[in-house]
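None of these values were measured; they are calculated from a predicted model. In listed order, ligands and their atoms are each counted from 1.
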Amino acid sequence: MVVYLGSTTMDMIDRIVQLMHRAKRCVVLTGAGVSAESGVPTFRGSEGLWGKFKPEELATVDAFLSNPKLVWEWYNWRRKIIGEVEPNPGHYALAEMETLFEHFVLITQNVDGLHRRAGSQDVLELHGNINRNKCLECASRFPDDIEINPDNIPVCPQCGGKIRPDVVWFGEMLDGNTINRAYDESAKADIFFSIGTSAIVHPAASLPVEAKRSEATLIEINVDKTPLSYAADFHIEEPSGQFLPILLEKYKEIAS
Ligand code: BJW
Ligand code: ZN
């Protein structure tokens with residue numbers, strides 16, 4: 001596929017590539033937009049998951065307590081989609097970018113596991129992983145390869161609590177080690193990419209702000225503007241699955 005970018009974007013790519021060559025520490029934060037070109041629905045926007053379902057009906061402990069069947073039906077539907085899709089060129093480009101820097105870490109809000117499937121090694125999954133199961137009450141892990149029947153949700157052998165997906169719902173704390181490392185890496189970054197996220201869900205949304213405060217170059221890649229766009233040094237309004245492979249090619253071209 002040939003993708004044509006405007007001359008302004010081409011000029012920005014040259015400048016970003018120069019900054020990438022100078023950077024030792026690169027941090028990337030991704031959101032649902034990175035997986036959109038694989039066919040995974042995003043959360044917000046007209047095509048987003050939240051367009052059809054209200055988040056407070058599905059992604060909170062209260063929702064699970066009041067309607068566990070509905071919540072499991074939703075997660076089973078998403079597991080099915082995720083099981084059928086493949087990483088896209090954006091995921092693969094990010095996996096290759098890991099080899100370009102002295103230090104590189106990929107922080108993702110996505111629960112779909114597509115970054116690892118594309119070959120990324122150092123991945124911080126802030127919001128968990130949709131394919132894992134755990135106990136609602138004691139958080140013990142439960143086998144992941146078990147299909148959950150929403151009409152007969154299995155219970156924890158240790159405490160009798162209901163089994164739930166191992167993801168982070170609204171109002172829940174993120175894993176302490178994971179978010180601490182994400183902050184630490186962001187504060188030390190020379191260059192920080194925020195890709196395919198609406199940048200409104202905290203604490204993830206504060207990571208690019210932390211990087212910028214520590215004087216990293218902040219680059220946003222998103223098909224739309226976000227609250228972060230105005231703080232970013234570069235805002236690239238292109239689909240990440242198209243733009244990232246071009247950026248990577250340009251990096252290699254200039255390096256050789
Ligand atoms: C493309 C594209 C293409 C499309 N190429 N781009 C501080 C201030 C205000 C509020 C809070 C705060 N601290 C905490 C809160 C509360 C809350 C919060 O942030 N609420 C906001 C909505 C305001 N946060 C929490 O509750 C967090 N917990 C916490 O902070 O604990 C401490 C605490 C506890 C109690 C009280 C107070 C503090 C937990 C947040 C957990 C979020 N969980 C979810 C569900 C995960 C499980 C699941 O998947 O089911 O995570 S919600 C959902 O949003 C999911 C996502 O990871 C997350 C972010 O969404 P994302 O990835 O940005 O997707 P979209 O759809 O929003 O955006 C897609 C973007 O892509 C768009 O911009 C498109 O334009 C773009 N795009 N195609 C490039 N091809
Ligand atoms: Zn339990």
Side-chain angles (χ1 to χ4, degrees), residues 3 29-51 53-64 71-72 74-79 81-82 88-91 93-94 107-113 125-142 154-176 178-179 193-209 219-229 235-244:
V3 179
L29 171 70
T30 65
V34 158
S35 297
E37 288 154 272
S38 291
V40 182
T42 60
F43 289 90
R44 297 167 186 85
S46 55
E47 297 300 308
L49 288 169
W50 300 142
F53 304 98
K54 289 200 188 112
E56 61 276 12
E57 280 170 12
L58 298 167
T60 66
V61 170
D62 284 350
F64 188 69
V71 173
W72 262 117
W74 188 56
Y75 278 97
N76 279 347
W77 171 70
R78 290 175 56 203
R79 280 183 175 182
I81 295 175
I82 288 164
N88 67 56
H91 293 109
L94 287 173
I107 306 169
T108 188
Q109 297 167 87
N110 298 346
V111 297
D112 57 28
E125 290 179 321
L126 292 182
H127 295 161
N129 190 299
I130 197 170
N131 288 314
R132 289 197 306 254
N133 296 315
K134 69 173 183 185
C135 169
L136 175 70
E137 304 295 340
C138 74
S140 302
R141 288 285 300 278
F142 190 75
V155 292
C156 172
Q158 338 273 349
C159 78
K162 279 198 170 60
I163 298 305
R164 56 164 281 183
D166 190 1
V167 296
V168 181
W169 285 328
F170 283 115
E172 291 190 304
M173 305 293 279
L174 281 68
D175 173 72
T178 309
I179 189 63
F193 289 86
S194 176
I195 310 177
T197 172
S198 54
I200 58 170
V201 174
H202 288 268
S206 54
L207 297 174
V209 179
I219 300 156
E220 180 180 62
I221 303 167
N222 197 304
V223 291
D224 229 326
K225 299 242 172 1
T226 76
L228 194 66
S229 307
H235 168 78
I236 307 280
E237 217 157 304
E238 304 283 347
S240 51
Q242 292 185 17
F243 179 78
L244 287 168

*Work out whether the distance between some heavy atom of Phe243 and some atom of ligand 1 is less than 4.0 Å.*
no
_Closer than 4.0 Å to some heavy atom of Arg44 - which atoms of ligand 1 meet that?_
53 (C), 54 (O), 59 (C), 60 (O), 64 (O), 65 (P), 66 (O), 67 (O)
_Using the Zn ion (ligand 2) as the vertex, how large is the angle between SG of Cys159 and SG of Cys135, rounded to 10 degrees?_
100°
*Heavy-atom contacts with Gly171 under 4.0 Å: which atoms of ligand 1 show up? List them by number with element.*
25 (C), 26 (O), 34 (C), 35 (C)
*Region of Asn222 that comes within reach of ligand 1 [heavy atoms, distance under 4.0 Å]*: both
*Of the backbone atoms (N, CA, C, O) and the side-chain heavy atoms from C-beta on, which set of Glu172 has a member under 4.0 Å from an atom of ligand 1: side chain, backbone, both, or neither?*
backbone
*Should the proximity of His127 to ligand 1, defined as any heavy atom under 4.0 Å, be assigned to the side chain, the backbone, both, or neither?*
side chain
*Using modelled atom types only, decide if a donor and an acceptor are shared between the side chain of Asn131 and the backbone of Arg79 within a distance under 3.5 Å.*
no
*Just jot down the ligand 1 atoms closer than 4.0 angstrom to any heavy atom of Thr42, in number order.*
66 (O)
*Does the distance from a Lys or Arg side-chain N to an Asp or Glu carboxylate O, for Lys134 and Glu172, drop under 4.0 Å?*
no
*Where's the contact between Ser198 and ligand 1, heavy-atom distance under 4.0 Å: side chain, backbone, both or neither?*
both
*For ligand 1, is any non-hydrogen atom under 4.0 Å from Glu37's backbone (N, CA, C, O), its side chain (CB onward), both, or neither?*
side chain
*Just go through Val167, Ile200, Val168 and tell me whose heavy atom is the nearest to atom 46 (C) of ligand 1.*
Val168
_Strictly distance-based, threshold 3.5 Å: is any side-chain N or O of Asn110 a donor or acceptor partner for the main-chain N or O of Asp112?_
no
*Should you measure from each heavy atom of Ala36, which atoms of ligand 1 turn up under 4.0 Å away?*
78 (N)
_Opening angle between SG in Cys138 and SG in Cys156, taken at the Zn ion (ligand 2), to 10 degrees_ = 110°
*asked:* Quick check on Arg78 - does any of its heavy atoms sit under 4.0 Å from an atom of ligand 1?
replied: yes
*How does Ile195 reach ligand 1, if at all, at less than 4.0 Å between non-hydrogen atoms: by side chain, backbone, both, or neither?*
neither
_Carboxylate-amine/guanidinium contact Lys225 Glu237, below 4.0 Å_ = yes
_Donor-acceptor pair between Gln109 and His127 side chains, under 3.5 angstrom_ = no
*Quick one: which ligand 1 atoms are inside 4.0 Å of a heavy atom on Tyr75?*
47 (C), 48 (C), 50 (O)
*Output yes when a side-chain donor or acceptor of Trp74 lies under 3.5 Å from a complementary backbone atom of Ala59, and no otherwise.*
no
*Look up atom NE2 in His235 and atom CD1 in Ile221, then write down how far apart they are to the nearest 0.5 Å.*
10.0 Å
_N or O contact, Trp169 vs ligand 1, cut-off under 3.5 Å_ = no
*Answer yes or no: does an N/O atom from Gly31 fall short of 3.5 Å to an N/O atom of ligand 1?*
no
_Backbone or side-chain N or O of Val201 under 3.5 Å from ligand 1 N or O_ = no
*Judging by distance only, is a nitrogen or oxygen of Ala32 under 3.5 angstrom from one on ligand 1?*
yes
*Please determine if Pro203 has a nitrogen or oxygen closer than 3.5 Å to a nitrogen or oxygen of ligand 1.*
no
*asked:* Applying a heavy-atom cut-off of 4.0 Å, say which part of Thr197 lies close to ligand 1: side chain, backbone, both or neither.
replied: both
